[in-house]
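Inspection log for the structure reproduced underneath, given as structure tokens.
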Amino acid sequence: MAQYSRVSGTVGLITLLNPPVNALSAAVRQGIVDTLDKALSDRKVKSVVICGHNGKFCGGADIREFSSPLTGPPLIPLIQGVESAAKPVVAAIDGVALGGGLELALGCHYRIAHSKARLGLPEVHLGLLPGAGGSQRLPRLIGVPAALDLITTGRHVTGAEALQLGLVDKVTDRNTVDEAVKFALSVADQPPNSRRVSTFPCPRHPDLDALFEGAMQRVRQRARGALAPVACVQAIRAAATLPYAQGMERERELMATLFTSGQARAQQYHFFAQRAVGRWSMPSGARWDTTKPGAVHKAMVIGLGTMGRGISVALVQAGVSVVAMETNEKQLMEAKQAISSMLERGAKRRGVAPALDKIRYSWNMEPAADVDLVIEAVFEDMALKKKLFQQLSALCKPGTFLCSNTSGLDVDQLASETRHPELVVGMHFFAPAHVMKLLEVVYGSRSSPQAVATAMELGKRMGKVSVAVGNCRGFVGNRMLKPYLEQAFFLLEEGTTPEFVDQVLEEFGFAMGVFRMSDLSGLDVGWRVRKADGLLNVSEGHSARIRQGCRYSPLGDLLCEQGRFGQKTGRGWYQYDKPGGRVAKPDPWLHGFLEKFRTQHGLVAHRIDHQEVLERCLYALMNEGFRILEDGIAAGPEDIDVIYVLGYSWPPHRGGPMFYAGMVGLQKVLERLEHYHQEHPDIPSLKPCNLLRKLVVNGSPPVHKWREFLKKPQSQL
Ligand code: CAA
Ligand code: NAI
């Protein structure tokens, strides 16, 4: 798992060999120990180069090994052994040097990187800290502020940026290993004593207390209850204030707490879940590895509002030529400006030229005749979308894929308007579409595997994590959101306030509680959908709190009737200092309105505590997740969890709603849902779903075993 050879006469070359990313498995670590011994004991060898097989230095510790007891040589003494070697050791960094991989490079005496290599300490995203000396060596090498930035955000830097930071000694655009060998030859006679990073003093900073206080405040605000970012700051503080050996001891203590935490388990689950969703399958039996995507060189985006603009930018940045089309003249001019400036900003960030020539604009549909794929992002109006799909079907060349960005309408109905329903799929992006990483790819009953593969692949090119889901109202994400929002409204009716509900959900880890979020996205959006669904009509002789046979909360509709659409009108569930204002303040009017509503409907407010808010909102959401699995709309719990973490700000350190259900205990979730359903028999979403019962009856298996209890997809191939 590590190869050894002698090159250019006197350089010992150690190559890490563990495809695809040369992770530091037990075998690789043993390989490094053995080959380093060989190099150091070979009298002909004057210096050593460590590189990775196949253009990748090292993707870090082997995360798959974290769930079993440690075997093989531990990493800390291994890196110590590299650093204390008497012969100069050079890291040749190609591709990636991440986590333990970068920590290994920090133990080397010199680092040569390719300019495009990516370096970083992303352990914080796995619920950990750089626990193989990274938190102690990095600040000594590049200073405390830069180390705080890299370690607490986990961001990757390119070789070029690494050089500026002082993280590497040299960058190259040529063959990195050749350059490193040349470099190793040039330093062969220089004893590496002064190159051991652990012996460096940590660069002084004029006001360490203020620096760490600021850093702690920032991570606490961003981390929303996550332990790892806080521990990262504490470990770096130890580097800045303690001798190396004591700092290492502090790093070890902090890592020991994190390593066994539920948060680390949740974040590592999320890491693998993001990769698992790429291995999609359809009920027909079609799969990711047996279906070839179609080529997409040219695409058309129709409707340049909030979503169409972001989608156009993401396509251009992925190298696709775009025709952006809009019927409203003012919108088109504004969109053109907005798209150009988004492309310019993005290009500046990435240090490339903006690809403004990759996009052109149109008033009409004619350019549709010459594209490989169309993404429609006009208003959420079925009649309008249907008409558009009819036109597209007549205009497009044979084989053009037709996609809709609808957030929940029936993809089959759209497909039925076209001559080739097999070419129709949903591509549900999230706002802002050029930033958010999630894409739901919605297959209808007649979507071809190739159409799904094409949308999945295009999403990947756009830097998204694409999840294939079945067609139903709201798909996965928005379908689960419905019972969650509903519970929040019911809780207001029963006695609580928007502030309390939001506080509980934000303490749980959501970036925003439901009411703050609803004010931000606009209360009118849901109102229009409910109107279209006929939900605003109260049946004669029925209470306004019953619609279509179930309990219904008209609170949102009543606010909209008052023109309270949220931030855009300066009033919603909260009040703002002006229309468009951002700072939500409790609104006494709203509290009075809720009291009047309760009196009018004979409701007696009762005390609702933290536990009830959390359980009713979250368990109703999870219950819908189980139904989605039962209905075969999502292939597995990982799909739902990835959608919630990447699209709905579910805190990553809680894994996702389905993972969290497992953490709480399925038996407990079931019992609490039964309890709430008994109290509220008129709320069907609180009735525990059969799959949840089945899992409990079968001993509450861990989340990775749930697929065994789902109906097998029926192969029609
Ligand atoms: N351990 C185990 N498996 C890993 C891995 C790792 N560190 N890194 C990647 N893989 C696996 C992936 O799970 C995936 O497997 P499947 O094909 O079976 O799904 C495969 O390698 C390829 O990975 P990607 O699909 O992600 O490939 P990519 O080219 O898009 O990205 C990468 C490559 C940037 C290295 C990305 O995989 C990545 O970010 N990996 C994790 C890096 C990381 O977090 N390292 C720190 C580990 S913790 C640590 O090192 C702590 C310590 O010192 C004690
Ligand atoms: P928007 O109202 O901001 O933009 C819609 C645009 O479509 C407008 O510019 C309008 O002029 C244009 N348009 C209308 N009819 C047209 C036609 N026949 N041809 C060309 N252009 C036409 O709407 P938004 O928010 O961008 O939503 C678009 C779609 O994306 C909807 O289906 C919505 O449900 C969905 N969506 C919205 C999200 C959001 O957060 N806003 C998130 C995910 C999906």
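Only a predicted model underlies this, so the values are computations on that prediction, with no experimental measurement involved. Numbers for residues simply follow the sequence, beginning at 1. We use all heavy atoms of the structure for the numbers below, so side chains are in, but hydrogens, waters and symmetry mates are not. Each ligand, and each atom within it, is numbered from 1 in the order the structure gives.
Residues Phe430 and Val435 have side chains not in contact (no heavy-atom distance under 4.5 Å, counting atoms from C-beta outward).
For ligand 1, the polar-atom distance check finds an N/O of Glu103 within less than 3.5 Å of one of the ligand's N/O atoms. Geometrically, ligand 2 and Ser407 share a nitrogen or oxygen pair separated by less than 3.5 Å. Of the polar atoms of His428, none of the N or O atoms is found under 3.5 Å from an N or O of ligand 2, judged by distance alone. Between Gln331 and ligand 2, at least one pair of N/O atoms sits closer than 3.5 Å. Considering backbone and side-chain atoms together, Ala61 places an N or O closer than 3.5 Å to an N or O of ligand 1. When only interatomic distances are considered, the shortest N/O to N/O separation between Met255 and ligand 1 does not fall below 3.5 Å. Considering backbone and side-chain atoms alike, Lys385 places an N or O below 3.5 Å from some N or O of ligand 2. Where the criterion is an N or O separation shorter than 3.5 Å, residue side chain and backbone included, Val378 meets it with respect to ligand 2. Considering backbone and side-chain atoms together, His156 places no N or O closer than 3.5 Å to any N or O of ligand 1. In terms of polar-atom proximity, defined here as any N/O pair under 3.5 Å, Gly99 makes no such contact with ligand 1.
In terms of protein heavy atoms, atom 29 (O) of ligand 1 is closest to Lys56 NZ, 4.7 Å. With respect to atom 45 (N) of ligand 1, the closest heavy atom belonging to the protein is Gly59 O, 2.9 Å. For atom 21 (O) of ligand 1, the nearest protein heavy atom (residue, atom name, distance) is Pro20 CG, 3.4 Å. Regarding atom 1 (N) of ligand 1, its nearest protein heavy-atom neighbour is Ile63 N, 2.9 Å. For atom 16 (P) of ligand 1, the nearest protein heavy atom (residue, atom name, distance) is Arg279 NH1, 3.7 Å.
In the model, Asp94 has a side-chain atom that pairs as donor or acceptor with a side-chain atom of Thr176 under 3.5 Å.
By the definition of a contact as any protein heavy atom under 4.0 Å away, atom 27 (O) of ligand 1 is not in contact. Distance screen at 4.0 Å: atom 19 (O) of ligand 1 has a protein heavy-atom neighbour inside the cut-off.
Of the candidates Asp62, Val124, Ile76, Val21, Val21 brings a heavy atom nearest to atom 4 (C) of ligand 1. Between the choices Arg275, Arg64, Arg118, the shortest heavy-atom distance to atom 15 (O) of ligand 1 belongs to Arg64. Compare Leu129, Leu126, Leu128, Leu24 by their heavy atoms: the one nearest to atom 47 (C) of ligand 1 is in Leu126.
With ligand atoms numbered from 1 in the order given, ligand 2 contributes 40 (O) to contacts under 4.0 Å with heavy atoms of Ala431. Near Met325, meaning under 4.0 Å from any of its heavy atoms, are these atoms of ligand 2: 20 (C). Here is the list of ligand 2 atoms found below 4.0 Å of a heavy atom in Thr406: 32 (O). Each of the following atoms of ligand 2 lies closer than 4.0 Å to a heavy atom of Asn328: 11 (O). Using a 4.0 Å cut-off to heavy atoms of Thr306, the atoms of ligand 2 that qualify are 3 (O), 25 (O), 26 (O). Interface atoms of ligand 2 facing Ile302, defined by a heavy-atom separation under 4.0 Å, are 19 (N), 20 (C).
For Gln274, the heavy-atom gap to ligand 1 stays at 4.0 angstrom or more.
Using cut-offs of 30° and 60° on the angle between ring planes, the pair Tyr644 and Trp650 is perpendicular. In this pair, Phe565 and Trp527 present their aromatic rings tilted. The plane angle is within the 30 to 60° band.
The side chain of Leu384, and not its backbone, has at least one atom closer than 4.0 Å to an atom of ligand 2 (non-hydrogen atoms only; side chain from C-beta on). Under 4.0 angstrom from ligand 2, the non-hydrogen atoms of Phe429 all belong to its backbone.
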